Amino acid sequence: MPELPEVETVRRGLANLIVGKVVSATDHDTPKSFPNTETDVRSFLIGANVTAVRRRAKVLMIDLSTNYSLVVHLKMTGQLVYVGGDERFGAGHPNDSLVNALPDKSTRVTLSFADESQLFFNDQRKFGWVKLLPTAEIPRLPFMLKVGPEPLAETFTVDMFAERFQRRGRTNIKAAILDQSVVAGVGNIYADESLWGAKIHPKRLVATITPEEFEALYTDLREVMNLSIEKGGSSNRNYVNAEGKRGSYMDFARVFRREGLPCPRCGTTIEKLRVAGRGTHICPHCQTL
DNA sequence: CACTTGACCTGTCCGC
DNA sequence: TGCGGACAGGTCAAGT
C-alpha cells in the first residue's frame, strides 16, 4: 500500500473514529502479524482508552491510556478498516458490502471496542504487523532512529532535502528517494510521479543532480503528496482508508501505471522500465539520461 | 560504510 | 481451462 499519503489518510480517519474508545477484546491469526505476549495484551491493551493516532513515515501509532501504543506497519497490502457497531448489517451505509464482509480471509488482527465497534487489520501478503509497545520506546526503534525527516513538515527546507542525498551520491536517484533514511514516506508511486514532475530520469546518479533539479524534485514531491492526501490517497490495487473507501489519486497520476498512454506534458508514449528493482514509469522525452 | 539482491507472502494477470 | 512465471504500494538481512 501505502506510502505517506495513504497512511496519513488512514491516520486522519482513525483519529476521528476511534479516539476515546475503550478496547474490550482482541484476536489475531499468526504471531507474525501480532507479535505480542498475552500478558502485555491483558495488562496494557484490554481496557485501555485510545488517546491519539499518530504517524511517522509510513508507520501508524495508536496511543493508549496505559502509555503503550499499537504500532502498525501496513507494508504492501495492509488495511485498517473500522466498522461501527451500528453500521454492521445496516442498510444504506456507503460501504455496506465491504463492511459486512469483515472479518474476511485477509483479516490478521481484530480489535473490539466496548461500544461494539471493531477495527480490522487486513493484510493479504502478511508482510505487515501490529506491535504493542511502550509509547516511550517507539523513538528508540531501529527504524525510527534511522528514518529521515518528514517531507511535508513546514520546517523541511529544500536545502535539507538536497543535503540528505549527499550520502547516497553513487546510486541512482530513484533508489535514493525510496531510501527511508534519506526522506521519510516516499514509495514507488510518489517516486515516479515526482521524478516525472521534476523531469529527472530515475537512473540518473545522485552526484549528477543539479541544485535546480533538487529544488524541482523537492517542490514536486511535496505537491504530489499534498494532492494525494487531498484525494484520499492512491488505490492502485487494494488500498482503502479507515472507512473502507478507495482513494482517487490514481485518477490524477501522470505516469504511474500509465505505460502506453501519452505523457500529459508532451504527448510522448510513457514507458515502463526497471530501476532499483522496482517497476518504474517515465516519459522518455521529458526524462533523459 | 554504501550499494545490490533476495526473501518475506498471497493473489492476479498474461502467455502458452 | 490449466499451468508457469512475472509482478505487486515495503523493508530487512545478507552478500559484494
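Keep in mind that this is a model prediction, so the values were computed, not measured. Quick note: numbers below take in every heavy atom, side chains included, and nothing from hydrogens, waters or symmetry partners.
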When you compare [N] with [M], how far apart are their [atom1] atoms, in angstrom units rounded to a whole number?
N      : M      : atom1 : value
C:dA14 : B:dC9  : P     : 15 Å
C:dC12 : B:dG11 : C1'   : 23 Å
B:dC3  : C:dG9  : P     : 23 Å

Does the distance from a Lys or Arg side-chain N to an Asp or Glu carboxylate O, for A:Arg108 and A:Asp123, drop under 4.0 Å?
-> no
Is the shortest distance from a Lys or Arg side-chain nitrogen in A:Glu213 or A:Arg204 to a carboxylate oxygen in the other one below 4.0 Å?
-> yes
Please pick, from [options], the nucleotide with the shortest atom-to-atom distance to any side-chain atom of [X].
X        : options               : answer
A:Phe143 : B:dC3, B:dC9, C:dT11  : C:dT11
A:Ala175 : B:dT4, C:dC12, B:dC8  : B:dT4
A:Arg278 : C:dC12, C:dT11, B:dA2 : C:dT11
A:Arg125 : B:dC9, B:dC3, C:dT11  : B:dC9
A:Thr171 : C:dG9, B:dT10, B:dT4  : B:dT4

Any base atoms under 4.0 Å from [X], or only sugar-phosphate, or nothing? Heavy atoms, all strands.
X        : answer
A:Arg274 : sugar-phosphate
A:Ser234 : base
A:Gly187 : sugar-phosphate
A:Phe256 : sugar-phosphate
A:Gly128 : nothing

Measure from [atom1] on [X] to [atom2] on [N] and round the result to the nearest Å.
X        : N      : atom1 : atom2 : answer
A:Lys174 : B:dT4  : NZ    : C1'   : 16 Å
A:Lys105 : B:dT12 : NZ    : C1'   : 12 Å
A:Gln124 : B:dC13 : CD    : C1'   : 13 Å
A:Leu178 : C:dC12 : CG    : P     : 14 Å
A:Gln79  : C:dA8  : CD    : P     : 19 Å
A:Leu74  : C:dT11 : CG    : C1'   : 13 Å
A:Leu273 : C:dC7  : CG    : P     : 12 Å
A:Arg170 : B:dA2  : CZ    : P     : 11 Å

Go through the steps to decide whether A:Tyr218 and A:Ser194 satisfy the test side chain to side chain contact (heavy atoms under 4.5 Å, CB included), and finish with yes or no.
-> CA-CA 8 Å; A:Tyr218 164 87; A:Ser194 59; over 6 Å; no
[N] phosphate, OP1 or OP2, under 4.0 Å from [X] side-chain N/O:
X       : N      : result
A:Lys58 : C:dG9  : no
A:Lys75 : C:dT11 : no
A:Thr77 : C:dA8  : no

So, does A:His73 use its side chain to make a donor-acceptor pair with the main chain of A:Gly128 at under 3.5 Å?
-> no
If each of A:Thr280 and A:Gln180 is mapped to the nucleotide of DNA chain C with the nearest heavy atom, which maps nearer the 5' terminus, i.e. the 5' end?
-> A:Thr280
A:Lys272 or A:His73, whichever maps to the more 5' nucleotide of DNA chain C | A:Lys272
Partner of B:dA2 by Watson-Crick or G-U wobble geometry, both contacts under 3.5 Å, or none?
-> C:dT16
Partner of C:dG9 by Watson-Crick or G-U wobble geometry, both contacts under 3.5 Å, or none?
-> none
NZ of A:Lys21: more than 12 outside heavy atoms within 6.0 angstrom?
-> yes
Do we get A:Arg258 above A:Trp196's six-membered ring, with its NZ or CZ under 6.0 Å from the centre and within 45° of the axis?
-> no
Less than 5.5 Å between centroids and less than 30° between ring planes, does A:Phe127 satisfy that with B:dC8?
-> yes
Would A:Asp63 and A:Thr51 count as having a side-chain donor-acceptor pair, cut-off 3.5 Å?
-> no
